[in-house]
Engineer: 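Below is one structure. I have some questions about it.
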Amino acid sequence: MAKDVIHDYVKEALINDGWTITAEHFTVRYEELTIYPDLAAERALAAQRGERKIAVEVKSFLGRSTTTEVKDAVGQYVIYQTYLEEVEPERKVYLAISSQTYHDTFRLKAVQRLVERFSIMLIVVDIDQKEIVGWIE
């Protein structure tokens with residue numbers, strides 16, 4: 001499977017933020033279908049016992065059509081979220097995007113409506129610094 005252009009930057013930003021990457025192209029089976037979120041990560045919780053687990057879909061939004069890019073990302077996110085709720089409910093799904101994509105695309109009212117409607121959780125990454133600049137839940 002081909003990696004998204006910003007995949008390695010997101011991975012490094014997660015590691016820099018204290019996350020342990022447990023899988024690339026994380027495999028999730030639900031009924032007859034298999035899905036592959038880009039990353040699975042875990043982080044120990046200091047204040048509580050246990051771990052926080054996430055699945056991350058990485059998107060660069062470099063295509064010609066913003067509408068198509070948004071449609072594809074939202075569709076993937078909803079599918080991943082739905083299936084993970086069934087097979088691994090403790091793992092939360094995030095869509096990882098660059099800070100540039102956040103400012104250019106995810107601040108549009110039409111896109112904000114989708115984020116709100118489908119409860120899309122975002123990880124916003126400064127690609128140059130390889131750091132997470134926002135967790136939007």
Side-chain angles (χ1 to χ4, degrees):
M1 285 183 221
K3 287 185 193 178
D4 191 277
V5 172
I6 66 169
H7 178 98
D8 290 333
Y9 298 102
V10 170
K11 178 181 170 185
E12 193 166 335
L14 285 164
I15 292 168
N16 291 342
D17 197 49
W19 290 86
T20 300
I21 304 301
T22 57
E24 291 195 60
H25 302 297
F26 181 46
T27 302
V28 178
R29 289 181 183 82
Y30 177 72
E31 301 290 339
E32 309 81 5
L33 298 178
T34 303
I35 57 174
Y36 302 94
D38 291 315
L39 297 166
E42 297 179 2
R43 184 176 189 178
L45 297 173
Q48 306 169 3
R49 292 184 180 165
E51 299 175 310
R52 183 172 178 207
K53 296 180 179 184
I54 60 174
V56 180
E57 182 59 24
V58 179
K59 292 291 182 194
S60 61
F61 289 80
L62 296 176
R64 292 185 194 182
S65 167
T66 299
T67 301
T68 299
E69 295 286 331
V70 169
K71 173 187 61 98
D72 291 347
V74 170
Q76 255 184 312
Y77 183 91
V78 169
I79 290 168
Y80 292 0
Q81 183 182 53
T82 301
Y83 294 167
L84 277 166
E85 283 175 355
E86 296 295 322
V87 299
E88 211 173 325
E90 72 281 1
R91 189 175 300 274
K92 302 301 177 196
V93 181
Y94 286 84
L95 178 62
I97 57 174
S98 70
S99 54
Q100 188 67 50
T101 296
Y102 178 74
H103 290 289
D104 292 348
T105 303
F106 279 77
R107 294 183 71 187
L108 299 171
K109 284 185 179 183
V111 177
Q112 287 178 352
R113 177 64 183 119
L114 292 170
V115 168
E116 178 185 299
R117 167 64 179 85
F118 294 105
S119 303
I120 297 172
M121 297 191 295
L122 301 172
I123 300 172
V124 182
V125 176
D126 179 321
I127 298 305
D128 296 327
Q129 300 298 317
K130 297 177 188 155
E131 70 178 1
I132 296 171
V133 293
W135 292 86
I136 300 171
E137 299 183 358

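Note: hydrogens, waters and symmetry copies are ignored here, and every other heavy atom, side chains too, is used.
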Engineer: Restricting to non-hydrogen atoms, name the atom on Ile54 and the atom on Trp135 that form the minimum distance, rounded to 0.1 Å.
Structural biologist: CD1-CH2, 4.1 Å
Engineer: How close do Ile127 and Ser98 get, counting heavy atoms only, and between which atoms?
Structural biologist: CG1-CB, 3.6 Å
Engineer: One pair to check against side chain to side chain contact (heavy atoms under 4.5 Å, CB included): Lys53 and Lys92. What are the steps and the verdict?
Structural biologist: CA-CA 6 Å; Lys53 296 180 179 184; Lys92 302 301 177 196; over 6 Å; no
Engineer: Taking all heavy atoms of Phe106 and all of Val111, pick out the closest pair and write down the distance.
Structural biologist: CD2-CG1, 3.6 Å
Engineer: Would you mind listing every side chain to side chain donor-acceptor pair (under 3.5 Å) that reaches into residues 113-127, with sequence neighbours excluded?
Structural biologist: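 Checked against side chain to side chain donor-acceptor pair (under 3.5 Å) - neighbours excluded - the pairs reaching residues 113-127 are Arg113-Glu116.
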Engineer: Is there a donor-acceptor pair under 3.5 Å between the side chain of Tyr102 and the backbone N or O of Gly134?
Structural biologist: no
Engineer: Evaluate Val10 against Ile123 for side chain to side chain contact (heavy atoms under 4.5 Å, CB included), listing each step before the verdict.
Structural biologist: CA-CA 9 Å; Val10 170; Ile123 300 172; 5.5 Å; no
Engineer: Show the numbers, then the answer: is there a side chain to side chain contact (heavy atoms under 4.5 Å, CB included) between Ile136 and Val124?
Structural biologist: CA-CA 8 Å; Ile136 300 171; Val124 182; 3.9 Å; yes
Engineer: Looking only at heavy atoms, which two atoms of Asp4 and Val58 are closest? And how far apart?
Structural biologist: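 Closest approach of Asp4 to Val58: OD2-O, 3.6 Å.
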Engineer: Can you name the residues that form a salt bridge (charged side-chain N to carboxylate O under 4.0 Å, His left out) with Glu31, not counting sequence neighbours?
Structural biologist: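 With neighbours one apart ignored, the set is empty.
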Engineer: Go through the structure and list residues passing side-chain hydrogen bond (donor to acceptor under 3.5 Å, both in side chains) with Glu24, not counting sequence neighbours.
Structural biologist: His7, Lys11
Engineer: How far apart are the closest heavy atoms of Ser99 and Val133, and which atoms are they?
Structural biologist: CB-CG2, 4.2 Å
Engineer: Distance from Ile6 atom CD1 to Phe61 atom CZ, nearest 0.5 Å?
Structural biologist: 9.0 Å
Engineer: Would you give the length of the straight line joining atom OG1 of Thr66 to atom CG of Leu108, rounded to the nearest 0.5 angstrom?
Structural biologist: 7.5 Å
Engineer: Rounded to the nearest 0.5 Å, what separates atom OH in Tyr36 from atom OH in Tyr80?
Structural biologist: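 Going from the OH atom of Tyr36 to the OH atom of Tyr80 covers 9.5 Å.
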Engineer: Could you go through residues 81-89 and list every donor-acceptor pair under 3.5 Å that involves a side-chain atom there, pairing it with any protein atom two or more places apart or in another chain?
Structural biologist:
from, atom 1, to, atom 2, distance (Å)
Thr82, OG1, Val78, O, 2.7
Glu88, OE2, Arg91, NE, 2.8
Glu88, OE2, Arg91, NH2, 2.8

Engineer: Considering non-hydrogen atoms only, spot the tightest contact between Val56 and Ala96 and give its length.
Structural biologist: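 Looking at all heavy atoms of both residues, the closest pair is CG1-CB, 3.6 Å.
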Engineer: For residues 12-21, tabulate all N or O donor-acceptor pairs below 3.5 Å that involve a side-chain atom, not counting sequence neighbours.
Structural biologist:
from, atom 1, to, atom 2, distance (Å)
Asn16, ND2, Glu12, O, 3.3
Asn16, ND2, Lys130, O, 3.0
Asp17, OD2, Trp19, NE1, 3.4
Asp17, OD2, Arg43, NH1, 3.4

Engineer: Kindly compute the distance separating NE2 (His103) from CD1 (Ile97), expressed to the nearest 0.5 Å.
Structural biologist: 9.0 Å
Engineer: Any carboxylate oxygen within less than 4.0 angstrom of a Lys/Arg side-chain nitrogen, looking at Glu57 and Lys59?
Structural biologist: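 Answer for the salt bridge query: yes.
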Engineer: Contact between Met121 and Val93 at the side-chain level, heavy atoms closer than 4.5 Å - yes or no?
Structural biologist: no
Engineer: Among all residues two or more places apart in sequence or in another chain, which pass the salt bridge (charged side-chain N to carboxylate O under 4.0 Å, His left out) test with Asp8?
Structural biologist: Lys3
Engineer: Side chains of Phe26 and Val28: does their closest heavy-atom pair fall under 4.5 Å?
Structural biologist: yes
Engineer: For the pair Glu51 (side chain) and Ala44 (backbone), establish whether a donor and an acceptor sit closer than 3.5 Å, ignoring hydrogens and angles.
Structural biologist: no
